[in-house]
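To start, the structure under review is shown below, and the notes come after it.
Order of the sequence lines fixes the chain letters, A, B, ..., with proteins taken first and strands second; residue numbering starts at 1 for each chain.
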Amino acid sequence: MKIAVCIKQVPATESKIKPAADGKDIDRTGLSFVVNPYDEFGVEEALKIKEQLGEGRITVISIGSDKTAEALRTCLAVGADQAIHIKDAALEGSDAHALARVLTAALQRENLDIIFFGKQAIDDDSGAVGIYVAEMMNLPHVSAINKLEILSDENRAVAHRQIEGGTEIIEVSLPAVFTCQKELNEPRYASLPGIMKAKQKPLSVLSLADLEIAPDSVGLDNAVITLDQLSPPPTRTAGTPLEGNAEEAVSELVRLLREEAKVL
Amino acid sequence: MSDKFDVAIVGAGPSGAAAALTLAKAGLSVVVFERGEFPGSKNMFGGVLYTPILDKLVPGFWEEAPLERHIVKRRFGLFSESSEAAFEFRCEDFNQKPPFNQSFSALRAQFDPWLAKKAKEAGALIIPETVVDDLLWKDGKVIGVKARREGGEIEADVVIAADGVNSFLAKKSGLRKDFSWNVLAVAAKEIIALPRGTIEDRFGLEGNEGVAVECFGDVVAGTVGAGFIYTNRETLSVGVACSINAFIDKKIVPNDLLERFKNHPSIRRLIRGGKTLEYAGHMIPEGGYKQVPEVIADGLLLVGDAAHLVNASFYHEGTNLAMASGLFAAETIIEAKKKDDFSRNGLKAYFQKLEESFVLKDLKKYRQVEVWAHKNNKFFKEYPDLMLEVLKDYFTVSETPKAHIQQAIVKKLRTRLKPLRTLVELNQFRKSFFSS
Amino acid sequence: MGHILVFAEQRDGKLKRVALEALGAARQLAADAQVLAILIGEHTAALTQTLTARGADKVYLIDDAGFSHYSSEGYGRAVADIAKKEEATLILMGATALGKDLGPKVAAKLGGPFAGDCIALETDSEGKITATRPMYGGKIISTVKCRTATYQVATLRPNVFPVNDPDDTKESLVENIAPLPDLSSVKAVIKEVLASANTKVELTEADIIVSGGRGLKAPENFSIIEALADALGAAVGASRAAVDAGWKPHSYQVGLTGKTVSPSLYIACGVSGAIQHQAGMSSSKYIVAINKDPNAPIFKIANYGIVGDLFEIVPLLTEAVKKIKNE
Ligand SMILES: Cc1cc2nc3c(=O)[nH]c(=O)nc-3n(C[C@H](O)[C@H](O)[C@H](O)COP(=O)(O)OP(=O)(O)OC[C@H]3O[C@@H](n4cnc5c(N)ncnc54)[C@H](O)[C@@H]3O)c2cc1C
Ligand SMILES: Cc1cc2nc3c(=O)[nH]c(=O)nc-3n(C[C@H](O)[C@H](O)[C@H](O)COP(=O)(O)OP(=O)(O)OC[C@H]3O[C@@H](n4cnc5c(N)ncnc54)[C@H](O)[C@@H]3O)c2cc1C
Ligand SMILES: Nc1ncnc2c1ncn2[C@@H]1O[C@H](COP(=O)(O)O)[C@@H](O)[C@H]1O
């Protein structure tokens, strides 16, 4: 079973995020970066499948700056077999279509059975790239899965995904793309030998030229959508604390909800 | 685990990173364990980095290190509830060219990762998010560490405990006994954001100049301790530090003391309108020379705060001693490796290097300060209050003839001071700070 | 502005409210252009009248057993085909579980820009959309600009856009889609849909949410939250502390790693209001906090706060609400 996981390096969830002075990006000073948590579910699921089948090869792939190599090493440390780091100055400002095209070009070289993505990257919260890649590779996909079972004949899988008020159970033929949601599994920590071995595992760096992608088909100039302005969310201010004993406070609350907020 | 390292270092603060950098540059295999999410993520200090050793470790460091401002001005303030008297020193020579006066304000969450990265680039393996729980022993020798991770037992010829003031390894190894409360100071600090221009205007600075402000007396409730403000580029490091005993005596918690400091009328206007970005607390090993434990065991060296190497006195200088001890530990190990002798004896050059350098010389010089301070806490409350009262009397404008005022002051001083006693105390002060 | 195509999501023969909100948004943006709806499923024909009344100029319909369940490929193709046929400049749908899958699928097929989970939309004179959407788990609000005015796709956060008043006089124009998109190439097929035990109002769609946290002390005490929710016709939510304690399943969790909700009214009971919790609910229109700790961060964002014991306050509130509803 050959499995790939596309991962993105993002600011850690607990980071304080604020827009940079020009409002075109976030202020990156002092931020620490991690593997997108939803992508970690993908890595863990790949490891579980490999363990369950007793064979397999797991490739982690990421597009990003030099720093992204750290995220790939983290994945190698928990058990992925090889990493591909796609890095090219021309990719600056690319939109999801361009990123998906680049990932597709890299994935197509690998002859894969399963490709995992996160359900969304917690920086842009977009949730598009995995589904785009599936379409570009002409593969079926199931998004936001929280359970996956590979059927013994190995050519099919059954995935669960949560919808409003229920769970969809979806059967899909492999090769296929899955985007991962919380609850799929509990990502493991890297073991110490794992961390040390990660240094020796192959991490190849590819440029657009290596993938035979024209630089003028990606980047900011060719994006169909661009980030215009970042701002902090409107601040909510503390409203009225309701005074009096419990009865008084409750009746005041009900009055305000009816007359002021008009929600009752 | 078969892969054995030459050196395992616990803690990626300034001491651990300095050791790792030196060892890796010499081609030794080094692993550094850091419990924080990244080096520096949980570390704090007051705010002035003294850099003579850093200059040796990374020549030209100022070109690339994340530094805030170079210190050109020092201010010492004495406070009563309503007044302040200050001594301020500014020197244009400290403003000439890098590395200026080898003192820079800095933020640890930025500096520590940078130094650790230098070590990494030199070839050290840095493993964050990993706590070391224990030492590995064989025949009475330390042969490695046990980290809190699957497969976490790692062997090494030498272990360097660079795990800070609470050094668990120093205790585990038996080198350090439990110490009494009064050798530790507790600090609380906030990082407060203000626009760059506001900081420069309020503190009389230009460009990247910075000031270190230390405050004594009523601002810290008259405890044996100090309040401090260090200017960063767009933030202020504002904090208080005092001995744990003082907190216990005064029944006050560090946070309240910090609030008291921030609310003093003289301080309040310096931080007005600022937004608190971070709050942190930390301990400082202020015991000085007498508290420095044995620093060498078979296969183990203690460096930095783990070895209590902090010069509290006027400077709050810890990082420089930490980096120096890390450097000396590394140099010692590089030599020991040639003879393949990592016993106590084989590593004894480490202590000699500490003794021959400013590290232990300075601690020795100031060894009386701590003792003095704890015996003479009048210098922190009674005398400042009296002095400021007298200054107030002197400067208060009224119709009273000046001669009367002066007489009244002399009388006040007579009744409130025991001249002989005070002279003795002043002499002790002089001796503890200025004799060698 | 060219035509706007709204995907009108329905489940079990009922339109999602957000489908009507999408029509409302489309109507506002459309000016003179047409608002088209596309409705896919089985036994769906009856819903076309509602879509017309709420703003659709024309409804494309698939009412077919083969389409009773969603499939990304089947639905995606249907929507993309109509979008192409009508040269739709903008395609709107709700940011529901389905919409979050279908939106990117349609954008991938059409190559157009995609903006997910939008909370505001604007259009310029050329018909290019500027969308406002949260990023970084709500810590940032961004505006994104489409660079082409063709096949722009946006999903809309539920409960944010207004629904048009119904106009029942409007003549409905319905076109059955024919031939139907070929489903033989669909390789991911829904075998079964398990209804969750919680048959109450779905969190992300609810207009009112009552949430409980660790302050409830024990799982059985959620009954007092449920009683208030019943009285209000509200959905029940939970903090992560309550979910981690096993008092409620993860599907109830509101926050960064749970659901993002923006109801008209969010009542937080015994929830401290950690930043991660706020990430999921701070865009609610009105927030009420009931907490015994006056310094709980939730009060900093609450419109109305009661400092007190929830075990006393919540039942009183439930009674008061019941009384009003009976009036
Ligand atoms: C309030 C305050 C103000 C100060 N002001 C100044 C000043 O202005 N100038 C100055 O030079 N010095 C100052 N100091 C002193 C200075 O901060 C320290 O002396 C210096 O940081 C010591 O460096 P270190 O590397 O020995 O220890 P630390 O910087 O404490 O680093 C120890 C590292 O070890 C890690 N660690 C601990 N235990 C484990 C474990 N079991 N496993 C893995 N990792 C572990 C920690 O996470 C940490 O990263 C101040 C200190 C304080 C508290
Ligand atoms: C990466 C990450 C992601 C996270 N994601 C989420 C998330 O999606 N959603 C989420 O909710 N949290 C999330 N958290 C956890 C979050 O930080 C908080 O720990 C959590 O929200 C706390 O839940 P709580 O408010 O119920 O509990 P607590 O913080 O313990 O608060 C309980 C409150 O109940 C009050 N109380 C107690 N008794 C009574 C009484 N009798 N009457 C009235 N009030 C009472 C107390 O005063 C207190 O304020 C996340 C954390 C991390 C690190
Ligand atoms: N730069 C990237 N490199 C590799 N994978 C990515 C990248 N960006 C996004 N992805 C993958 O696509 C998923 C969805 O991302 P997004 O569409 O940006 O929310 C992520 O969880 C990743 O699995």
Side-chain angles (χ1 to χ4, degrees), chain A residues 9-22 26-37 40 43-44 47-48 51 65-80 122 186-201 203 232-233 235 237, chain B residues 1-5 8 29-34 36-42 66 68 106-114 116-117 120-121 123-133 144-156 191 193 195-196 232-235 275-278:
Chain A
Q9 195 181 38
V10 295
T13 21
E14 60 275 14
S15 312
K16 294 197 182 90
I17 306 279
K18 58 177 204 268
D22 67 357
I26 54 163
D27 182 350
R28 291 176 188 272
T29 43
L31 291 185
S32 61
F33 290 82
V34 297
V35 177
N36 181 35
E40 284 185 332
V43 174
E44 177 61 33
L47 291 168
K48 280 172 62 185
E51 280 163 6
S65 65
D66 291 338
K67 206 172 162 47
T68 304
E70 294 165 10
L72 288 166
R73 287 268 177 232
T74 305
C75 298
L76 293 175
V78 292
I122 61 159
E186 273 296 328
R188 67 192 69 182
Y189 282 107
S191 72
L192 210 47
I195 293 173
M196 293 177 189
K197 269 191 239 141
K199 261 194 141 173
Q200 275 96 49
K201 288 182 179 172
L203 189 160
T235 45
T237 44
Chain B
M1 186 77 216
S2 57
D3 313 65
K4 181 176 162 185
F5 286 86
S29 64
V30 187
V31 60
V32 185
F33 296 98
E34 168 54 51
E37 188 194 326
F38 58 88
S41 59
K42 290 186 191 153
E68 294 286 322
L107 298 166
R108 294 283 299 275
Q110 284 163 30
F111 177 77
D112 287 16
W114 172 79
K117 192 166 141 241
K120 186 175 165 188
E121 283 165 5
L125 176 60
I126 305 211
I127 304 185
E129 291 187 275
T130 306
V131 180
V132 167
D133 281 325
V145 296
K146 188 164 181 290
R148 200 181 299 165
R149 259 187 202 272
E150 197 192 318
E153 301 200 345
I154 294 294
E155 290 187 13
I191 295 182
R196 213 189 151 114
N232 302 312
R233 248 171 286 168
E234 293 179 341
T235 56
K275 189 167 165 248
T276 299
L277 302 180
E278 277 172 40

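Every residue was checked against the salt bridge (charged side-chain N to carboxylate O under 4.0 Å, His left out) condition with B:Glu129, not counting sequence neighbours, and none meets it. Every residue meeting the ring pair (Phe, Tyr, Trp, His ring centres under 6.0 Å) condition with B:Phe111, not counting sequence neighbours, appears here in chain and number order: B:Trp114.
Heavy-atom distances place no part of A:Ala77 under 4.5 Å from chain B, backbone and side chain included. Residue B:Ala109 does not touch chain A at all, counting heavy-atom pairs closer than 4.5 Å. Heavy atoms of B:Leu277 lying under 4.5 Å from chain A belong exclusively to its backbone.
Across every non-hydrogen atom of A:Pro193 and B:Gly151, the tightest pair is CD-O, 3.3 Å. Here the shortest heavy-atom pairing between A:Ser191 and B:Arg149 reads C-CD, 4.4 Å.
The greatest number of non-hydrogen atom pairs below 4.5 Å with chain A, out of B:Ile127, B:Thr130, B:Val31, B:Leu107, is found for B:Ile127.
One finds the CD atom of B:Glu150 at 10.5 Å from the CD1 atom of A:Ile195 (value rounded to the nearest 0.5 Å).
Considering only heavy atoms from C-beta on, A:Met196 comes within 4.5 Å of B:Ile154 through its side chain.
Counting heavy atoms of neighbouring residues, nucleotides and ligands inside a 6.0 Å radius, atom NZ of A:Lys201 exceeds 12 of them.
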